[in-house]
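Chain identifiers are assigned alphabetically (A, B, ...) following the order of the sequence lines, protein sequences preceding nucleic acid strands; residue numbering begins at 1 within each chain.
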Protein chains: 2
Amino acid sequence: MLRLRNAGYKITPPRRAVIEVVLREGEHLDPNEILQQAQAIYPHTGRATVYRTLELLTTLGIVRPIYVGEHGPTYIRAEGGHHHLVCSLCGAVTDFDQCVADSMERELEARFGFQIRSHLLEFYGYCARCRQTQPEIAAN
Amino acid sequence: MLRLRNAGYKITPPRRAVIEVVLREGEHLDPNEILQQAQAIYPHTGRATVYRTLELLTTLGIVRPIYVGEHGPTYIRAEGGHHHLVCSLCGAVTDFDQCVADSMERELEARFGFQIRSHLLEFYGYCARCRQTQPEIAAN
DNA sequence: TAATCAATTGAGAATTTGTCTCAATTGATC
DNA sequence: GATCAATTGAGACAAATTCTCAATTGATTA
C-alpha cells in the first residue's frame, strides 16, 4: 500500500481488495478467481480493474504472474524466491526450499547495474510417477 | 525429429515447420508468430496444428513456453538452461550465462526421483536505465 | 469542510487467444 | 501400391484479455 502511494498512485477500494486477495498466504489465483474474491471484499470491483491492478502491481514489483503446466497465469507475491520442479508430462509442480540463487544476486547486481527484488528457479523434466507409467517417453 | 519418431509420432510437414521455427537461434516467438513463420515454410499450416504441435513438443521436453513481462507465452528450445534478468518496469530481458543451478540438479534428482532435463532461472527487478529514469518507483 | 481535477472506475463491446469437431488427407509399415 | 491409424485444416466455438467512455472518486488545496 505504501509502495503504491509513494509511487504516486491512488489507494482505491478495488485496489485494496486485489492486493489483499493476492497477498494472502499460499494462494496461486488466476485473474478470474482474483476477481471473484475481490468482489467478496468490494462488490463493485470490475474485471477490467482487476487486470489493470494486476498489471500495475506487477510493474511495481509487488506481485508476479507465474505459469505452470498448461494453464494460464496465476499471481503470487513477488517478494523473495520461488522454486519449482515441473513435470513436463503430468504438469505436477513440487516446491523445494533450499536454493543457491541468492548467492548470485550480488554479483549480477554489480555486473549489470540491476536492482534485484525476487527470483524464480524452475527445473523441468519427468516426475517419479511419470517415469514409471510412461517410460518410453522419459527414456528419449 | 528423432525424439518425435522414437516416441511414436509421425513426421509431418507442419511439424517440421514448427520445429524449425522454434529451434532457430535467439527467437522468443508467440504462437501467432510461430504460425506465420511456419506458414512461410509450409503454407497450409493451420492454427490448431501449431497449438497441438507446441503442446506435443512441450510434453516431449523439446521446447518450453516461457513468460516474460506482461506478455503471453513464448516458446524456446527446452534443452539446457535459460537465465534472464527481467525488468519489471520496461520488460527488458537480459541473458546471462554462468549459473549455479546445474550444481543443484543431482541432489534434486536424488531427493525427488525427478529426471531433470532443463531449467529456467529468472531474476526480477529494475534495470539500470529504469533506475535512472524512474527512481521514485525503484526506490520503494 | 468544501471545491477542484486528474486519476480511476465499471459495464459492456470488441478483440485476441486458444480449443474443439469432423471429414479429408497423409506418413509409416508392409 | 495398399492399408489404416494418426494427423490435418477450416471454421465454429469458447475463454481470456483489452478497450472505450461517461460517471465517480481520492488526494490536494483553499
Next on the checklist: With a 3.5 Å distance limit and no angle check, can you tell me whether B:Gln39 reaches the backbone of B:Thr45 through a side-chain donor-acceptor pair?
Outcome noted: yes
Checklist entry - Counting side-chain heavy atoms from CB outward, which of C:dT8, D:dT7, C:dG18 is closest to A:Lys10? => result C:dT8
Checklist entry - Between C:dG18, D:dT18, C:dG27, which nucleotide gets closest to the side-chain atoms of A:Tyr51? => result D:dT18
Checklist outcome for this item: Among the nucleotides D:dT18, D:dT7, D:dC19, whichever has the atom closest to the side chain of A:Ala48 is D:dC19
Item to check | Qualifying residues under salt bridge (Lys or Arg N to Asp or Glu O under 4.0 Å), relative to B:Glu20, sequence neighbours excluded | outcome: B:Arg24
Checklist entry - Do B:Tyr75 and B:Leu60 belong to the same hydrophobic cluster, where Ile, Leu, Val, Met, Phe, Trp and Tyr are linked whenever their side-chain heavy atoms lie under 4.5 Å apart, directly or via other members? => result yes
Checklist entry - Distance-only, no hydrogens or angles: does the B:Arg16 side chain make a donor-acceptor pair with backbone N or O of B:Ile11 under 3.5 Å? => result no
Next on the checklist: Of the options D:dG26, C:dG10, D:dT7, whose atoms approach the side-chain atoms of B:Tyr9 most closely?
Outcome noted: D:dT7
Checklist entry - Which of residues 39-47 of chain B have a heavy atom under 4.0 Å from DNA chain D? => result B:Tyr42, B:His44, B:Thr45, B:Gly46
Next on the checklist: Does B:Arg15 reach a base, just sugar-phosphate, or nothing at all? Heavy atoms under 4.0 Å.
Outcome noted: sugar-phosphate
Checklist entry - Do the rings of A:His83 and A:His119 sit parallel, tilted or perpendicular, given the 30° and 60° boundaries? => result tilted
Next on the checklist: Under 4.0 Å, heavy atoms only, any strand: does A:Arg5 hit a base, just the sugar-phosphate, or nothing?
Outcome noted: sugar-phosphate
Checklist entry - Mapping A:Thr12 and B:Arg52 onto DNA chain D by nearest heavy atom, which one lands closer to the 5' end? => result B:Arg52
